[in-house]
Amino acid sequence: MRTHLCGELRSEHIGQTVSVCGWVGRRREHGEHLAFVDLRDHSGIIQCVVDNDVDVRSEYVLRVTGVVRQRPEGTINDGLPTGQVEIGDCAVEILRQATPPPFPIDARADDVDENVRLQHRYLDLRRERMQRNLRIRSKINAAVRDSMHAQGFVEVETPMLVPSTPEGAREFLVPSRKEPGSFYALPQSPQLFKQLLMVAGVDRYYQMARCLRDEDLRADRQYEFMQLDMEMSFVTQDDVLDAVSEAVLAAAEAATGERPAPIERMSWHDAMNRFGVDKPDLRFGMELVELTDVFASTEFKAFASARTIKGIRVDGGADEFGRNQLDKLTDRAKSLGAKGLVWLKCTDDGFDSPVAKFLSDDEVAAVKAEMGAETGDLVLVVADEWETTCEVLGVLRNDIGRPPVHEGPYRYVWIVEFPLFVGHDKETGAPKSGHHPFTMPHPDDVDKFETDPMAVRSIAYDLVLNGWELGSGSIRIHEPALQRKVFRALGITEEAAERKFGFFLNPFEYGAPPHGGFAFGLDRLVAVLAGEENIREVIAFPKTQSGADPMTNSPIAGDPAAMAELGLKILPPST
RNA sequence: GGUCCCGUGGUGAAGUCAGGAGUUCACGCCGGCCUGUCAAGCCGGAGGUCGCGGGUUCAAAUCCCGUCGGGACCGCCA
């Protein structure tokens, strides 16, 4: 039907008779005898010169046959890759007429209400930006698969209809027709199956796995998302990190044409202490600075009782941040759990601040020295428990300093040595798993289980790119005595463990190899590498924040007959 | 469950704080003119229940209450 793609025609094609197919973009008509039609396909745009009277409108689908020719002097368009040439003597075949689109099929649609874009996603996807994103995603998928195969991984598909599991994210339930009242769950991840594949002797498993979680949607979260899911037998943490790094760096190279440097590592504690988050964006500084000792004997009450005091410096921020903005930052800090936020505008002779009168000269000098603050800088200080102080400043650091996603270098980092336990269960008071209950404790910390459980580190790790958590993994416990010890610390009795996890752990009795794995979110990786702030831009048919699809109108009301067959009845809304 | 922002012809915006006739701008659409444009140009035209419902008022796009939809965030996402 066609001999070339629209976007590939160049000077070298001059003189050739070609046929191209595509959609009518802009057209410039000069009467019955001359019209310029921009024909567009996924590869780009070519100008067709039509000198007979054909009625072509926006987004008509055409097949154009003509001769590629040099554009006349003075009419070359440097803004277009095909701008040196045009197709002349055009025979136009209208393959399909079209209704005018609700929004322009070009970059101007970036500003169109996202609901309208999603309603007509097939038109939105016709645009250059979206075509590019789809193709970057495809390249990344292919590179990841190639890399995994080259490293000896076996792709195994696992079921989508799985048993509901007691812990973790809220699940989507699928009613059973044969057994009304019983439900399958859609997998929040293939966790169960991939570990059993290790018991099965697969040795190295991977899958491009669709995962589903019924939790509230965000810019980086959809109900359904894709993970590169993998698991390896007879390995250490280094083996897993190396294998994942290889796949990710190959994917990055496929998307950007440049292979990133080897991925650095940082302990969870360092990340929290220096950046206030477990997913630090290393593209910019503004690190958290320790100020606790500076205020060891302070008169200022808000600081005197605090366990940890830290600050961040905003270069030149004193003028930039007015009272209104500082109030907003304070509200933000409070909403994140801080008791307040102290701001200090650095002047020649001290600090301009509501709390300046409570600070001694020594304290002012010490803060300036520790923070490296000079006149015109803004210093933000939080005083609280170590974790709260770090977390609040970490969020403020991101709010204030974080560059747009498409800017700056790609900074990958492995965060290692996550704590085994994080926080406590509200009801039982027992510690909660940081990663999941099957995560291997750090061998150096096993004797701290009784004395200081919250200080026990784990062999768990996250991969972070420019402040996005791409994924996480761990070495798993394969040996029952240690697993019992962890369950005990979690406050899970042997009966409860058997009830909750028996179907999963009993197979280990038949010989579970030491194993560990990882899973990373492809949507997020693609988004960052495509320079998109939002994963919806790299998903062909995403859902809105309320979980709806404006194009298909899903979800829709259940059909009464189908519901009856499933034994389902909808209760009236409560309240 | 909560906080904040947004909703005005097909699209994007201004108008809302400070109530006074559906007012304005750009794009698109329809018709006419036009043989080198590329956001073509010029002339003319059509197109809106100001998301929806209620309230206040002589009068509501504008103020108040509710609701729906979209977005950002907190909670949630082992």
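The chains referred to below are lettered A, B, ... by the order of the sequence lines, with proteins before strands, and numbering in each begins at 1. Just so you know, these numbers use all the heavy atoms, side chains as well, and skip hydrogens, waters and symmetry mates.
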What protein N or O atoms touch nucleotides 24-27 of chain B N or O atoms at under 3.5 angstrom, if any, and at what distances?
from   : atom 1 : to       : atom 2 : distance (Å)
B/rC27 : O2'    : A/Arg108 : NH1    : 3.0

**Item:** Rounded distance in Å between the C1' positions of B/rC29 and B/rG48
**Value:** 15 Å
**Item:** Positions of residues 56-67 of chain A (non-hydrogen atom under 4.0 Å from RNA chain B), listed by number
**Value:** A/Arg57, A/Ser58
**Prompt:** Hey, is the side chain of A/Gln47 pairing donor to acceptor with the base of B/rU37 inside 3.5 Å?
**Reply:** yes
**Request:** Any ring pair (Phe, Tyr, Trp, His ring centres under 6.0 Å) involving residues 35-66 of chain A? Give me the pairs, sequence neighbours left out, ordered by first then second residue.
**Result:** A/His30-A/Phe36
**Atom pair distance, as rounded to whole Å: CD in A/Glu32 and P in B/rU37** = 20 Å
**Prompt:** When you compare B/rC33 with B/rA72, how far apart are their P atoms, in angstrom units rounded to a whole number?
**Reply:** 49 Å
**Message:** Set out, in order, the CA-CA distance, both residues' side-chain angles and the distance that settles ring-ring contact (aromatic ring centres under 6.0 Å, His included) for A/Phe508 and A/His515, then state yes or no.
**Reply:** CA-CA 12 Å; A/Phe508 281 32; A/His515 62 285; 5.8 Å; yes
**Asked** Across all strands, who's sitting opposite B/rG48 as a Watson-Crick or G-U wobble pair, both distances under 3.5 Å?
**Response** none
**Request:** Give one of base, sugar-phosphate or nothing for A/Asn77, where a contact means two heavy atoms less than 4.0 Å apart.
**Result:** base
**Request:** Using the P atom on both, measure B/rC5 against B/rC65 and round to a whole Å.
**Result:** 13 Å
**Request:** Quick one: look up who B/rU11 pairs with, Watson-Crick or G-U, both distances under 3.5 Å, and put none if it's unpaired.
**Result:** B/rA26
**Asked** Now, which nucleotide makes the Watson-Crick or G-U wobble pair with B/rU56, with each of the two distances under 3.5 Å?
**Response** none
**Item:** Length of the CD1-P vector between A/Ile105 and B/rG10, whole Å
**Value:** 17 Å
**Item:** Summary of protein contacts for nucleotides 42-51 of chain B, nucleotide by nucleotide, where a base hit scores B, a sugar-phosphate-only hit scores S (4.0 Å, heavy atoms)
**Value:** ----------
**Request:** Test the A/Arg397-A/Phe284 pair against the cation-pi criterion, namely NZ or CZ under 6.0 angstrom from the six-membered ring centroid and within 45° of the ring axis.
**Result:** yes
**Item:** Donor-acceptor pair under 3.5 Å, A/Arg117 side chain vs B/rG12 base
**Value:** no
**Prompt:** Any side-chain N or O of A/Arg27 less than 4.0 Å from the OP1 or OP2 oxygen of B/rA39?
**Reply:** no
**Message:** Atom CD of residue position A/Gln131 - does it have more than 12 heavy atoms of other residues, nucleotides or ligands inside 6.0 Å?
**Reply:** yes
**Item:** Salt-bridge present (A/Arg283, A/Glu407; N to O < 4.0 Å)
**Value:** no
**Item:** Between B/rG9 and B/rG51 - C1' atom distance, rounded Å
**Value:** 14 Å
**Message:** Taking any heavy-atom pair under 4.0 Å as a contact, classify A/Pro72: base, sugar-phosphate, or nothing.
**Reply:** base
**Message:** Nearest whole Å is fine: how far is B/rG32 C1' from A/Asp55 CG?
**Reply:** 14 Å
**Prompt:** Does a side-chain N or O from A/Arg28 land closer than 4.0 Å to OP1 or OP2 of B/rA40, or not?
**Reply:** yes
**Inter- and intrachain pairs under salt bridge (Lys or Arg N to Asp or Glu O under 4.0 Å), touching residues 325-337 of chain A, at least two apart** = A/Arg323-A/Asp327, A/Arg332-A/Asp399
**Message:** Without decimals, in angstroms, what is the distance between A/Asp38 CG and B/rG36 P?
**Reply:** 17 Å
**Prompt:** Given atom CG of A/Asp106 and atom C1' of B/rG12, what is their separation to the nearest angstrom?
**Reply:** 12 Å
**Request:** Figure out the CZ/P separation between A/Phe36 and B/rG41, and round it to whole Å.
**Result:** 14 Å
**Fill in**
Between CG of A/Asp113 and P of B/rC5 the distance, given in whole Å, is 18 Å
**Request:** Give the intermediate values and the outcome of side-chain contact (heavy atoms from CB on, under 4.5 Å) for residues A/Val392 and A/Asp384.
**Result:** CA-CA 10 Å; A/Val392 170; A/Asp384 215 299; over 6 Å; no
**Message:** Once salt bridge (Lys or Arg N to Asp or Glu O under 4.0 Å) is applied, what residue pairs with a partner in residues 45-55 of chain A remain, sequence neighbours excluded?
**Reply:** A/Asp55-A/Arg57
**Item:** Between B/rG28 and B/rG10 - C1' atom distance, rounded Å
**Value:** 7 Å
**Prompt:** What does A/Gln119 touch in the nucleic acid at a heavy-atom separation under 4.0 angstrom: a base, only the sugar-phosphate, or nothing?
**Reply:** nothing
**Message:** By a 5.5 angstrom centroid cut-off and a 30 degree plane limit, is there stacking between A/Phe103 and B/rU11?
**Reply:** no
**Working for side-chain contact (heavy atoms from CB on, under 4.5 Å), residues A/Arg28 and A/Asp38** = CA-CA 9 Å; A/Arg28 297 167 291 280; A/Asp38 289 340; 2.9 Å; yes
**Asked** Does B/rU3 pair with anything, Watson-Crick or G-U wobble, both distances under 3.5 Å, and if so, with which nucleotide?
**Response** B/rA72
**Message:** Quick one, A/Met286 with A/Val314, criterion side-chain contact (heavy atoms from CB on, under 4.5 Å). Give me CA distance, side-chain angles, the key distance, then yes/no.
**Reply:** CA-CA 7 Å; A/Met286 262 179 83; A/Val314 185; 4.2 Å; yes
**Request:** Please list, chain by chain and in numerical order, all residues satisfying side chain to side chain donor-acceptor pair (under 3.5 Å) with A/Arg457, sequence neighbours excluded.
**Result:** A/Glu417, A/Asp445
What donor-acceptor contacts under 3.5 angstrom involve side-chain atoms of residues 483-490 of chain A, with partners at least two apart or in another chain?
from     : atom 1 : to       : atom 2 : distance (Å)
A/Gln483 : NE2    : A/Pro437 : O      : 3.0

**Asked** Side chains of A/Asn77 and A/Gln47: donor-acceptor distance under 3.5 Å anywhere?
**Response** no
**Prompt:** In the structure shown, which nucleotide is the Watson-Crick or G-U wobble counterpart of B/rU35, with both distances under 3.5 Å?
**Reply:** none
**Inter-nucleotide P distance (B/rU62, B/rA21), Å rounded** = 13 Å
**Asked** In terms of the angle between their ring planes, are A/Phe449 and A/Phe421 parallel, tilted or perpendicular, with boundaries placed at 30° and 60°?
**Response** perpendicular
**Asked** Roughly how many Å is it from CG in A/Leu34 to P in B/rG41, rounded to a whole number?
**Response** 15 Å
**Item:** Nucleic acid footprint by protein, nucleotides 71-78 of chain B - heavy-atom cut-off 4.0 Å, B for base, S for sugar-phosphate alone
**Value:** BBBBBBBB
**Item:** Test salt bridge (charged side-chain N to carboxylate O under 4.0 Å, His left out) applied to A/Glu385 - qualifying residues, sequence neighbours left out
**Value:** A/Arg307
**Item:** A/Trp468: side chain to side chain donor-acceptor pair (under 3.5 Å) partners, not counting sequence neighbours
**Value:** none
**Request:** Give one of base, sugar-phosphate or nothing for A/Glu29, where a contact means two heavy atoms less than 4.0 Å apart.
**Result:** base
**Asked** When you compare B/rU8 with B/rA13, how far apart are their P atoms, in angstrom units rounded to a whole number?
**Response** 8 Å
**Asked** Can you list every side chain to side chain donor-acceptor pair (under 3.5 Å) pair that touches residues 118-127 of chain A, not counting sequence neighbours?
**Response** A/Glu59-A/Arg126, A/Asp110-A/Arg127, A/Arg117-A/Asp124, A/His120-A/Tyr122, A/Arg121-A/Asp124, A/Asp124-A/Arg127
**Request:** Please measure how far the P atom in B/rG7 lies from the corresponding atom in B/rG12, and state the result in whole Å.
**Result:** 11 Å
